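Throughout, a chain's letter reflects where its sequence line sits, starting with A, and its residues are numbered from 1. Values in this document were obtained by computation on a predicted structure and should not be read as measured data.
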Amino acid sequence: MLSPKTKLVSVVHTSNSLGTINPVKDIIRLAHEKNIPVFVDAAQGIVHSTIDVQDLDCDFLSFSGHKVFSPTGIGVLYGKAELLEAMPPYQGGGEMISSVKFEKTTYNEIPYKFEAGTPNIADVIGMGAGLNYFSSIDQKGAHAHEKALLKYAEEKLSAIEGVRLIGTAKEKASVVSFVIDGLNAMDVGMYLDTLGIAVRTGQHCTEPVMDRFCIPGTIRASFLFYNTFAEIDTLTEGVKKAIKLLKG
Amino acid sequence: MSIEELEKSIVEDFELFDEWAERYQYIIELGQKLPPLDDKYKVDENKIKGCQSSVWLHAYSENGKVFFEADSDSTFVKGEIALLINVLSGQDPKDIVDTDLKFIDAIGLRQHIAVTRANGLASMIKQMKLYALALNSKQSA
C-alpha cells in the first residue's frame, strides 16, 4: 500500500466494530521511511488508551469530544506545526487573517488561520472541562480495570451456547462484539434495551469488516472504568433471556 | 374492515400492555407467526436494505385491491410487517396512499426505536405506498 502514489496514510487507532488496537506506531514508522505522512483517527482509542502523539510521531491525530466526557459536535485535530504552517487555510472569515491589503493578505498564525469566524466557545470550554477531568483520573488503573472487565465479559459471553465473539485480536480495547447463531443483532439489542442494557447493534458503519466475517452485523458492548463486573453479569443474563425469548 | 378500523383494533390490543417490554414481546410473537415469504420473491429487486436488517417486500393486485407479503431477517421487523400487512393488505390502493397510519405512534413504535436502530419501518411504509400509488395510477389510466 505504501507506493510512490501514496499521499497520506489514514488509520484508525482502535476499531469501533471489533476493538482491535492497530499497531499504529509501526505503521507510522513504515510510512515515514517512505516520507508519507500519517493521520491517526483516535476517536475510539482516546478513552481506552494513553496516547502520546510525540511518542507515536503521527503527523495528524483527531478525536471527538463526546468520546471523552465532552460535548457533542466538537473535537480535536492535532497536526505537526511544520505541516500546519505549510497548509493553506480551508475557509475564510474573522480572526484567521492578520492583515488585509490590496497587494497581499497575510494569514494569522496557527491554529487561528484554521479557525475562521466566531468559534463554538461554549463547547470548547465544555471540552476543556471534560479533558481536565479525564486527565485527572488514574488512567493506568482505569485501563487495567477495563482490561479485566473485557476478559470477564469475553469469558462469560463465549460460554453461552450459540454466542460467537467477533474480533479476538491480542491487543484489544474494552469492546466486545458478538453474534448469536440464528438471531438478528437488532432483535437482541432491542430486547436488551427493555432491560435497560445499552448496546449498539448492526454493521457499525464498517460494512467491509462485516463482509470479511460474512456476518450481517454484531451486538457490541463496550466498557469503561465506571462499569462493574455485576453489570457484565446482568448483560450475560440478558443475552441468555434474549436467546430464550427469540428462539421461541 | 377499513384501514382505520383495523388500526383501532391494533391500538386496543396494545393497550392491554402497560410496559414497552411487553409490547416488544408481543411484536416478536407476531413476527414469529408471520408466514414465510416464498423464496422466489426474496430477490434483490424486492429488497429494502438497512444497516440493521433486510426486508423483502412483494406486492400484487387482485380485483382492484393491493396485497402485500414480506419477510425479514429480524423477528422484530417481521412483527412490524405483520402489523402493516394486517392494516394495508387487501385494501384499496387509494386508501393505502392516503392513510397516515396513526397506529404506529399510538402503540409507541416510533418512540421506542432508537434513531441508531432505525430499522427501515419508514422505508417499508414508503415502499408499500409506492406500490399502491403505481397500481392506483395504472387502474385510473
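- Using a 30° and 60° split on the angle between ring planes, A/Phe39 and A/Phe60 fall in the tilted class, from 30° to 60°.
- Other residues, nucleotides and ligands contribute more than 12 heavy atoms inside 6.0 Å of the CD atom of A/Gln91.
- For the pair B/Ser72 and B/Ile81, the minimum side-chain heavy-atom distance is below 4.5 Å.
- Inspection of the B/Ser53 and B/Ser74 side chains reveals no N or O donor paired with an N or O acceptor under 3.5 Å.
- In terms of heavy-atom pairs under 4.5 Å with chain B, the best-connected choice from A/Leu246, A/Val188, A/Leu183 is A/Leu246.
- In summary, of the residues considered (B/Thr99, B/Val66, B/Ile3, B/Val97), a side-chain contact (heavy atoms from CB on, under 4.5 Å) with B/Gln91 occurs for B/Ile3 alone.
- A/His143 and A/Ser49 form no side-chain donor-acceptor contact under 3.5 Å, judged by distance and modelled atom types alone.
- Residues of residues 14-28 of chain B that come within less than 4.5 angstrom of chain A, heavy atom to heavy atom, are B/Trp20, B/Ala21, B/Tyr24, B/Gln25, B/Ile28 in numerical order.
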